[in-house]
There are 2 protein chains.
Amino acid sequence: MARAGLTAERLTQAAADLADEVGFENVTVSALARHFGVKDASLYSHIRNAHDLRVRLAVLALAELADRVAAAIGGRSGKDALVAFAGAYRAYAREHPGRYTATQMALDPDTAATSAAGRHAELTRAILRGYDLWEPDQTDAVRLLHSTFHGYVSLERAGAFHSHPRGVEASWTRVLDALDSVLRAWPAL
Amino acid sequence: MARAGLTAERLTQAAADLADEVGFENVTVSALARHFGVKDASLYSHIRNAHDLRVRLAVLALAELADRVAAAIGGRSGKDALVAFAGAYRAYAREHPGRYTATQMALDPDTAATSAAGRHAELTRAILRGYDLWEPDQTDAVRLLHSTFHGYVSLERAGAFHSHPRGVEASWTRVLDALDSVLRAWPAL
DNA sequence: TGATTTGCCTAGGACCTCTAGGTAAGCCTA
DNA sequence: TAGGCTTACCTAGAGGTCCTAGGCAAATCA
């Protein structure tokens, strides 16, 4: 019998692809084992349990998302950076629905600290360099931006915007305009 | 043998309470059957399957949430209405974590249309009566508000704001100030 | 009171999770 | 290259969830 050459990394990668195909909630140890042509029990020497697998997937997705966003921001600042960030964030969610769902997993504080979850706040903060904001306003603004991006993408995916004919794309542009406006006006709030 | 007197409504109610106790993802047909002291097979004369149960739970939660929000808005308008809406929304999510998670379920368009999902957009629109907004700006603003509320609550629950000492409550107040400001400035955007 | 409906039952198959313990492939050293 | 070690994958099996088919008895109605 030839070995399949499994490692935790390969399993996590395959789990991520599987999540995008069949949905995050359908990422099971059995399905993953089938994909590699091995018995499900074989996976338990690489991952602790099903939850562990999903956490690894979440950490992978968070890192990928942070990379994409970082690349999109590049040297931009101000509204350019805002639009680039938001676009990259939303594009990732669209291209990788399963991975994006994974990023919403509640991670225990330890894992969250180690993972790229912290980089997101940092990257969001980078947007604000183009605006005249200082603590604690910066943190409040970061939370507003993060909330709005996540909320919009999340509701869009849930189909919450289908009830109205107004284009989702057009609203998105206007929402970014609004956010830019509020960031510029923030000092005077 | 005395009968348990099950109905789809009682099952849905109990499922909602169960969701708040043990988390939405742990609402299973078996657990619900155990709660009523019956066999799990007995539930299938009242609900079609596990997914159907969760959909009913989602519809229940959406209706409850809409009621709470509607009551909170009352006769208010403008920023008063905004703050009341947001407060009621967030309070519901805190008091009923399982139910709130259920509201995030992807419902098929048919169910969504029948359920209270549509009332939310309506209620959000009611906030805007105090601001000088007309279509299509109204729809864009509704989407911004809904996204931000949902995103904030969702990230707060996921612990995404724990990494920074700035109080979640203080940021929330500022975020509402920012939204009020952007709604007032919208016509000039 | 007998007939019908309906609520809950048993039985059982399919799938997923996870543990314990075994075998053999691949690597290291002598 | 033969021995031994590590480790990748195995079988077996227990326990849980989902769901269907078919049966019996309680409640309801004629």
Side-chain angles (χ1 to χ4, degrees), chain A residues 1-60 97-99 101-102 105-108 111, chain B residues 1-60 98-99 101-102 104-108 111:
Chain A
M1 299 257 194
R3 297 195 180 185
L6 302 182
T7 62
E9 284 68 34
R10 286 194 64 198
L11 287 176
T12 308
Q13 268 292 341
D17 294 340
L18 187 62
D20 286 337
E21 275 170 43
V22 303
F24 179 68
E25 72 282 4
N26 294 323
V27 173
T28 71
V29 176
S30 315
L32 200 55
R34 266 194 303 277
H35 175 262
F36 282 103
V38 300
K39 298 294 172 182
D40 44 351
S42 305
L43 302 195
Y44 288 89
S45 32
H46 304 284
I47 54 167
R48 262 210 306 286
N49 49 40
H51 182 253
D52 177 45
L53 173 66
R54 295 191 185 106
V55 168
R56 285 169 187 270
L57 170 45
V59 170
L60 169 76
R99 282 168 159 92
T101 303
M105 256 193 80
L107 300 177
D108 62 299
T111 316
Chain B
M1 299 254 195
R3 296 194 181 185
L6 303 182
T7 64
E9 285 67 33
R10 287 193 64 198
L11 287 176
T12 308
Q13 268 293 340
D17 295 340
L18 187 62
D20 287 337
E21 276 170 42
V22 303
F24 179 68
E25 72 281 4
N26 294 323
V27 172
T28 69
V29 177
S30 317
L32 201 55
R34 268 195 301 278
H35 174 262
F36 282 103
V38 300
K39 299 294 172 183
D40 43 351
S42 305
L43 302 195
Y44 289 89
S45 30
H46 304 284
I47 54 168
R48 261 208 308 284
N49 50 39
H51 181 253
D52 176 47
L53 173 66
R54 296 190 185 105
V55 168
R56 284 168 187 270
L57 170 44
V59 170
L60 169 76
R99 281 168 160 92
T101 303
Q104 298 179 46
M105 256 193 80
L107 300 177
D108 62 299
T111 316

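Note that this is a predicted model, so its numbers are computed, not measured. Numbers restart at 1 for each chain; the letters A, B, ... are given by sequence-line order, proteins then strands.
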Participant: With sequence neighbours excluded, tell me which residues meet side-chain contact (heavy atoms from CB on, under 4.5 Å) with A31(A).
Facilitator: L18(A), T28(A), R34(A)
Participant: Where do F24(B) and Q104(B) land on the side-chain contact (heavy atoms from CB on, under 4.5 Å) test, with the steps shown first?
Facilitator: CA-CA 11 Å; F24(B) 179 68; Q104(B) 298 179 46; over 6 Å; no
Participant: Listed by chain and number, what are the side-chain contact (heavy atoms from CB on, under 4.5 Å) partners of V55(A), not counting sequence neighbours?
Facilitator: H51(A), V59(A), M105(A), L107(A), T111(A)
Participant: Just how far, in rounded Å, is P of dG26(C) from CG of L6(A)?
Facilitator: 14 Å
Participant: Which is it for D17(B) and R99(B) under the side-chain contact (heavy atoms from CB on, under 4.5 Å) test, yes or no, and what are the steps along the way?
Facilitator: CA-CA 8 Å; D17(B) 295 340; R99(B) 281 168 160 92; 3.2 Å; yes
Participant: Just the rounded figure in Å: distance from P of dT20(D) to CG of L43(B).
Facilitator: 13 Å
Participant: Taking only side-chain nitrogens and oxygens of S42(A), does any of them come within less than 4.0 Å of OP1 or OP2 of dA8(D)?
Facilitator: no
Participant: With heavy-atom distances below 4.5 Å as the criterion, would you say the side chains of V27(B) and L32(B) are in contact?
Facilitator: no
Participant: In whole angstrom, give the distance that lies between atom CG of D52(B) and atom P of dC18(D).
Facilitator: 13 Å
Participant: Between N or O atoms, less than 3.5 Å apart, protein on one side and nucleotides 15-18 of chain C on the other: list the pairs.
Facilitator:
residue, atom, partner, partner atom, Å
dC16(C), OP1, R34(A), NH2, 3.2
dC16(C), OP2, R34(A), NH1, 3.1
dT17(C), OP2, V29(A), N, 2.9
dT17(C), OP2, S30(A), N, 3.1
dT17(C), OP2, S30(A), OG, 3.1
dC18(C), OP2, Y44(A), OH, 3.4
dC18(C), OP2, A50(A), N, 2.6

Participant: May I have the distance from K39(B) (atom NZ) to dC8(C) (atom C1'), rounded to whole angstrom?
Facilitator: 11 Å
Participant: Rounded to the Å, how far apart are I47(A) CD1 and dA8(D) P?
Facilitator: 14 Å
Participant: Calculate, to the nearest 0.5 Å, the distance between atoms NE2 and CD belonging to H46(A) and E9(A) respectively.
Facilitator: 10.5 Å
Participant: Roughly how many Å is it from CD in E25(A) to P in dC18(D), rounded to a whole number?
Facilitator: 14 Å
